[in-house]
> 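Got a structure here, written out as structure tokens. Questions coming.
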Amino acid sequence: QVQLVESGGGLVQAGGSLRLSCAASGRTFGSYAMGWFRQAPGQEREFVAAINWSAGSIFYADSVKGRFTISRVNAKNTVYLQMNSLKPEDTAVYYCAARQMYSSRNVYEYNYWGQGTQVTVSS
């Protein structure tokens, strides 16, 4: 069982930056792939970024590539999402998620989810 708690959301102007954190419980964090997803009002939850258990495989949604960076520190049971050059269309609730071993873009392949953190980008 893995419990996830996101933090770091907030209100920022367009062009600004935020860093989201996701703290995980459990001693086997290092064996889990982690993903970040987001959901805007009235929209489906969408993939943002994912990182496998060793950080050897990382991929991003095209909409955030070059602006967002996912990383993890297994010793701290934490995964991060550094978000730069934020745009109003990045406004959403951001969720971190976990699944065993291999990362995925598919929201349905993740077993554990955090409660989400709101990111609002003003124009």
> Please state whether the rings of Y95 and W113 are parallel, tilted or perpendicular, taking 30° and 60° as the class boundaries.
perpendicular
> Hey, does the side chain of N74 reach the backbone of S54 with a donor-acceptor pair shorter than 3.5 angstrom?
no
> Is a side-chain N or O of R99 found less than 3.5 angstrom from the main chain of E109, in a donor-acceptor match?
yes
> Any non-hydrogen side-chain atom of Q100 less than 4.5 Å from a side-chain atom of S31?
yes
> Does a side chain donor of either R38 or Y94 reach within less than 3.5 Å of an acceptor in the other side chain?
yes
> Does T78 reach the main-chain N or O of A23 with its side chain, forming a donor-acceptor pair under 3.5 Å?
no
> For the backbone of Q115 and the side chain of E6, can you confirm whether one donor and one acceptor N or O come within less than 3.5 Å of each other?
yes
> State, yes or no, whether a side-chain contact exists between S103 and I51 at a heavy-atom distance under 4.5 Å.
no
> Calculate, to the nearest 0.5 Å, the distance between atoms CD1 and CE belonging to I58 and M34 respectively.
13.0 Å
> How long is the straight-line distance from CZ of R72 back to CG of N77, given to the nearest 0.5 Å?
9.0 Å
> Quick one: pull up CG in D62 and CZ in F47 and give me the separation to the nearest 0.5 Å.
10.0 Å
> Backbone N or O of Y60 within a donor-acceptor pair of the R105 side chain at under 3.5 Å?
yes
> Indicate yes or no: at least one non-hydrogen side-chain atom of V121 is less than 4.5 angstrom from one of V119.
yes
> Are the side chains of Q118 and L11 in contact, using a 4.5 Å heavy-atom criterion?
no
> Say you draw a straight line from CZ of F59 to OG of S104; how long is it, rounded to the nearest 0.5 Å?
6.0 Å
> Do K87 and D90 sit within salt-bridge range, that is, some charged N less than 4.0 Å from a carboxylate O?
no
> Once you round to the nearest 0.5 Å, how far does CE of M83 lie from OG1 of T69?
11.0 Å
> Spell out, as yes or no, whether a donor-acceptor pair under 3.5 Å connects the side chain of S57 to the backbone of N52.
no
> Which distance, rounded to the nearest 0.5 Å, do you find between the CG of N84 and the CZ of R19?
11.5 Å
> Tell me whether Y110 contacts the main-chain N or O of W36 through its side chain, where contact means a donor paired with an acceptor under 3.5 Å.
no
